[in-house]
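Below: the structure, in structure tokens.
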There are 2 protein chains.
Amino acid sequence: MLSQTAEYALRAAVRLAELHPEGPIRVDDIAADLRVPRNYLSKILHSLVKAGVCASTRGPHGGFQLVRPPDQIRLVEVVGEFDPALVSSERACLLGREACSDEDPCAAHERWGGVRQRVTSFFEETTLDLLVRGGAALPAGN
Amino acid sequence: MLSQTAEYALRAAVRLAELHPEGPIRVDDIAADLRVPRNYLSKILHSLVKAGVCASTRGPHGGFQLVRPPDQIRLVEVVGEFDPALVSSERACLLGREACSDEDPCAAHERWGGVRQRVTSFFEETTLDLLVRGGAALPAGN
DNA sequence: CGTATTTATCATATAGACATGAGAAACACA
DNA sequence: TGTGTTTCTCATGTCTATATGATAAATACG
């Protein structure tokens with residue numbers, strides 16, 4: 001469901017969350033842990049910096065670290081940077097934007113809208129913290 | 001959320017359902033209605049034939065038609081041919097197959113599994129008929 | 001049988017996702 | 001200031017999704 005890139009980003013973010021609040025973590029280390037191409041991950045992490053999720057430090061003892069504690073970073077912040085359509089709350093119709101709209105809804109509009117809403121809410125309400133430590137901090141949702 | 005191809009397929013299937021049980025409908029007509037590339041749609045419809053959703057007839061008065069009434073064709077049959085991962089009931093973890101498993105689940109396994117289940121169920125329980133005619137034949141689900 | 005009609009198939013083109021590699025820029029530290 | 005470390009950036013390559021165009025095969029009908 002996630003693109004490869006978004007999945008890499010999420011796994012890297014989880015790794016950063018696990019190690020938070022230790023000092024910067026090198027791309028090399030994360031890439032080795034996750035078995036993800038080093039240079040590719042480097043670009044992805046840089047995107048997360050631009051997205052305001054983590055910060056980077058260059059030079060010796062450099063690397064990446066989260067800018068906020070994991071319980072204050074929502075998955076939408078990570079995933080939305082790479083799969084914007086997936087987490088957007090705009091209710092795209094199943095049959096595409098032109099085929100129907102909220103004004104002139106297709107027959108499955110409401111049913112599909114409900115499913116979409118579940119997906120969107122998951123990414124908006126789930127924090128990195130939950131992926132790392134688990135727990136039932138949020139309403140069950142299923 | 002659907003790939004372009006799966007969306008074309010679904011829209012074409014809905015069009016066929018609207019016209020069911022009239023005789024074969026030409027690709028040209030469907031493509032014009034849906035504003036979808038003709039030859040591309042031709043290939044997609046051919047895939048639907050292989051998937052057992054519709055049948056094709058060549059030559060004059062030829063075209064495509066559903067092999068069953070729309071209330072007996074589930075969306076999974078149409079979409080699954082093009083986006084198999086989306087409709088698969090295999091519970092892929094959010095973080096990827098290697099990162100966690102049902103045996104050694106990540107902390108969000110259950111939460112994400114529930115969301116995935118909603119999506120899967122939608123495609124398995126919704127029929128083409130519902131997209132065309134609407135109605136509340138199935139349990140609300142949201 | 002011949003011809004027009006329509007799908008089936010093949011070859012090719014284009015764009016974006018995914019990935020690799022090299023070198024530039026920033027930084028710590030002696 | 002010099003050197004090694006690490007991120008940043010650019011150029012390039014590969015693969016798949018998306019699409020286009022031409023030709024082959026099947027069919028209806030006069």
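All figures in this text were calculated on a predicted structure; none of them were measured in a lab. Just so it is clear: chains get the letters A, B, ... in the order the sequence lines come, proteins before strands, and each one is counted from 1.
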Hey, are the side chains of B/L131 and B/L75 touching, using non-hydrogen atoms and a 4.5 Å cut-off? yes
Side-chain contact test, heavy atoms from C-beta onward, threshold under 4.5 Å: evaluate it for A/L41 versus A/F64 and give yes or no. no
Specify the residues of residues 14-28 of chain A, ordered by number, for which at least one heavy atom lies under 4.0 angstrom from an atom of DNA chain C. none
Below 4.0 angstrom, which residues in residues 52-60 of chain A have at least one non-hydrogen atom near DNA chain C? A/R58, A/G59, A/P60
Listed by chain and number, what are the side-chain hydrogen bond (donor to acceptor under 3.5 Å, both in side chains) partners of A/S3, not counting sequence neighbours? A/D83
Tell me, please, which residues at least two apart from B/S121 pass side-chain hydrogen bond (donor to acceptor under 3.5 Å, both in side chains). B/Q117
Applying side-chain contact (heavy atoms from CB on, under 4.5 Å), name anything that partners A/P70, two or more places apart in sequence or on another chain. A/A17, A/H20, A/L66, A/L128, A/D129, A/R133
Sorted by first residue and then second, give each salt bridge (charged side-chain N to carboxylate O under 4.0 Å, His left out) pair with at least one member in residues 65-77 of chain A; sequence neighbours left out. A/R68-A/E77
Please enumerate all residues that pass salt bridge (Lys or Arg N to Asp or Glu O under 4.0 Å) together with [X], with sequence neighbours excluded.
{"X": "B/R58", "answer": "none"}
{"X": "A/E81", "answer": "none"}
{"X": "A/R15", "answer": "A/E18, A/D33"}

Just how far, in rounded Å, is P of C/dT6 from CG of B/N39? 15 Å
Whole-Å distance separating the CG atom of B/D29 from the P atom of C/dT6: 8 Å
Per-nucleotide protein contact string for nucleotides 11-18 of chain C (B base, S sugar-phosphate only, - none; heavy atom under 4.0 Å): -------B
What is the 5' to 3' range of DNA chain D, first to last nucleotide, that sits under 4.0 Å from any heavy atom of chain B? D/dT18 to D/dC29
Residues that B/F122 engages under ring pair (Phe, Tyr, Trp, His ring centres under 6.0 Å), provided they are two or more places apart: A/W112
Nearest 0.5 Å, please: how far is CZ in A/R26 from CG in A/L45? 14.0 Å
Can you check whether A/V27's main-chain N or O pairs, donor with acceptor, with A/R38's side chain at less than 3.5 Å? no
Please answer whether the main-chain N or O of B/R116 pairs with a side-chain N or O of B/T120 as donor and acceptor at a distance below 3.5 Å. yes
Would you indicate, yes or no, if C/dT9 has its OP1 or OP2 atom less than 4.0 angstrom from a side-chain nitrogen or oxygen of B/H46? yes
